[in-house]
Amino acid sequence: MTELDTSRLERLSGMLKRRGILLPAFEIHGGAKGLYDFGPVGGRLRNKVNQTWLNHWLALGNVVEISCPTVTPYAVLEASGHVGEFSDFMTVCTSCEEASRADTLLEDFHPNPDALTRSELQSLLDKSQPPCPSCPDAKWSPITAQNLMFNTTIGAGTSGRPGFLRPETAQGMFTSFPALYRHNRERLPFGAIQIGKGYRNEISPRQGMIRLREFNMAELEYFINPHEEPEHDFTPWDGLDVTLIAEKEGEVQMKFSHAIESNVIRHATVGYFMAKTFDFLVNVGIDAQRIRFRQHESDEMAHYASDCWDAEIHGSYGWIECVGIAHRGCYDLESHEKATGKSLRARREFEQPQVIEIDGWTTEGAKAGPAFRALAGAVKQAVELLPTSSTFPTDVTLSSGEKVTVEKEHVKRDQRTETVTGEWYIPHVVEPAFGIDRIIWHILDHAYDESGKDGETYTTMHLSENVAPVDYCIFPLFEKDGMGELAKSIHAIMCSKPSVVSMYDASGSIGRRYARADEIGVPKCITVDHQSLEDNTVTIRDRDTGEQHRVAIDSL
RNA sequence: GCGGAUAUGGUGUAGUGGUAACAUAGGAGGUUUCCAACCUCUUGUCGCGGGUUCGACUCCCGCUAUCCGCACCA
């Protein structure tokens, strides 16, 4: 970072605070690291970014918006792998109160304790009773998870069960899969989107908005059938050469369609969402020249992901990852399925029904049941493995190692034809995950312009109309002769329109008021002057050109 | 988490062991006022806690926050 950038960054931060866009949270109590307020102007900006994001993905037509709790039971995040991935497991010596990491204590008792779940660590700890490193005792408290997720207890007293504030919104969408699948009439592909808060108890939040402890995230989970070739239309991006930093090819400029054909981007849906992400970022005002996509190295990717790209945006802090677009395979649904025993699958019909000839032995329940009692199930398993040529009575070995004699009356020949028309499979997931705070930071960073005006610094926020927090400022040229009243009535009309924010300002010279409006990026300023009183027209000034034209009040 | 620096009106800064100044911003009024003009009046400040002292914004200690490295993390 150059010195010039640093001072610009300081002036920008000062302005954001002064004008109520972005402020340190709880400042009168001394502040809190990694927590920020969106102020009266920033709150509206965030809302418009969120709304633009929702509209962008809902336009796909097969995407629905949901909202899941931030408070999440332990088991959910254990199943997802977050407990293992995001936490250290701590236990406290009950004699000397020294806290230790459970996996470190158990290194002599297990080849790789780091990979164990909490319950596995707990039972190993109970069994092996490792000595305390700082006192002669070996009595350990129950293991607790520490660090990157915020711990909480759901419910009071002893009936409370452990939980966390979610580190991402995605898990709620995975656990809602059955409802989503039903809603979408059991047809893939479809997606669910969600905007909400996520929490990570970062050891050291830094760089303002870049690493927060509580942050706004927006995620799409797009469920696809891995047996179907995805079909996406890339013609809207045919004129666009985008910067890709690919694992093998290095930095290249190419079209999305070409990158997919040449397998630089390994999955068409990942590529399609990269293209849609590019459009979104440009829509909210990110400089297209300062967007690039970087592919994760194979060893950097989570083990289940088959391809992952970050959209990086260049700003005052250098290139910052703001969006992650990952092909997550079937990992998430499969994990929750394994943990719960509930089916998180979709049905696909085969093009040709598969006809299976079954010919073998099975047990005659009415006879085998009373004869083998508790062993009947194991006997059935063993009999069904016998060759069709078997004769009875015969001795079979059960899976337990036990041997039993099966009489002819215990069995029957099972000969039939079964037609299988389809199968249940675990859908794959492609997930674009957006860090809204980081994107908002870069919107502000890119929009902030300090170009001089008559030798003095004049700051303008060149915000896109899609996200500008205030749509109109209404100024009376003078607040007399009825101009003030007329301006106020126009202000009232503008405020009554849905999703329009208008500000009335009559204090200071007209130039000063324009400057105030430019600083927070108001796209249009409406001025009431003498002529307005005569012919019911006003002037509209454009923020970026400074040009004014006169329109009738009725046409506003 | 470790090391270094910093903390004064909304913002940017000056300054002192005897409770504070400048600029700018804000409010009211004036000015036939269209791009931060000018005039008058006016609001508002020493991060938090403890110690030393007759007296602390100033000195000391702790905490918190911010910035810069390292580590962590995406």
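Protein chains get the first letters and strands the later ones, always in sequence-line order, with residue 1 at the start of each. Keep in mind that the numbers below use all heavy atoms, side chains included, and drop hydrogens, waters and symmetry copies.
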For [N], what is the paired nucleotide under Watson-Crick or G-U wobble rules, both distances under 3.5 Å?
N      : result
U33(B) : none
C73(B) : none
C22(B) : G12(B)
U40(B) : A28(B)
A5(B)  : U66(B)
G55(B) : none

Spacing of [X] atom [atom1] relative to [N] atom [atom2], expressed in whole Å:
X       : N      : atom1 : atom2 : value
Y317(A) : U66(B) : OH    : P     : 11 Å
R213(A) : U66(B) : CZ    : C1'   : 14 Å
N201(A) : A74(B) : CG    : P     : 14 Å
I520(A) : A36(B) : CD1   : P     : 17 Å
I28(A)  : C46(B) : CD1   : C1'   : 17 Å
R11(A)  : A36(B) : CZ    : P     : 19 Å
I210(A) : C67(B) : CD1   : C1'   : 15 Å
Y458(A) : C35(B) : OH    : C1'   : 6 Å

- According to a strict under-4.0 Å criterion, is R200(A) in side-chain N/O contact with OP1 or OP2 of C72(B)?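 Result: no.
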Roughly how far apart, to the nearest Å, are [N] and [M] at atom [atom1]?
N      : M      : atom1 : answer
C63(B) : A7(B)  : C1'   : 13 Å
U8(B)  : U45(B) : C1'   : 6 Å
U40(B) : C22(B) : P     : 15 Å
U64(B) : G50(B) : C1'   : 14 Å
U42(B) : A23(B) : P     : 15 Å
U13(B) : G17(B) : C1'   : 23 Å
C48(B) : C57(B) : C1'   : 14 Å
A65(B) : C60(B) : P     : 22 Å

- Message: Mind checking if T459(A) touches a base, just sugar-phosphate, or nothing, with heavy atoms under 4.0 Å?
- Response: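 It contacts base atoms.
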Would you check if there is a donor-acceptor pair between the side chains of [Y] and [X] at a distance under 3.5 Å?
X       : Y       : value
T537(A) : D535(A) : yes
D529(A) : S532(A) : yes
D437(A) : Y36(A)  : no
T460(A) : Y448(A) : no
T169(A) : E219(A) : yes
T457(A) : E450(A) : no

- Along nucleotides 27-34 of chain B, 5' to 3', which nucleotides get a B, which get an S, and which get a -, given that the test is a protein heavy-atom distance under 4.0 Å? S----SBB
- Item | 5' priority, RNA chain B, between G546(A) and R438(A) [closest heavy atom] |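 With R438(A) and G546(A) compared, the 5'-side residue is G546(A).
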- Query: Quick one: the side chain of R211(A) and the base of C72(B), do they pair up donor-acceptor inside 3.5 Å?
  - Reply: yes
- Item | Close side-chain approach of V467(A) to I440(A), heavy-atom, < 4.5 Å | no
- Message: Are there over 12 heavy-atom neighbours, none belonging to Q289(A), within less than 6.0 Å of that residue's CD?
- Response: no
- Is atom CZ of F434(A) surrounded by more than 12 heavy atoms (other residues, nucleotides or ligands) closer than 6.0 Å? yes
Restricting to nitrogen or oxygen on both sides, can you table the protein-nucleotides 9-12 of chain B pairs closer than 3.5 Å?
unit_1, atom_1, unit_2, atom_2, d
U11(B), OP1, K17(A), NZ, 2.8

- Cation-pi check, K480(A) onto F478(A) ring (under 6.0 Å, within 45° of axis):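 Because its charged atom sits under 6.0 Å from the ring centre and within 45° of the axis, K480(A) does stack over F478(A).
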- Just do the side-chain contact (heavy atoms from CB on, under 4.5 Å) check on R19(A) and V41(A) with the steps written out, would you? CA-CA 7 Å; R19(A) 297 306 307 272; V41(A) 176; 5.6 Å; no
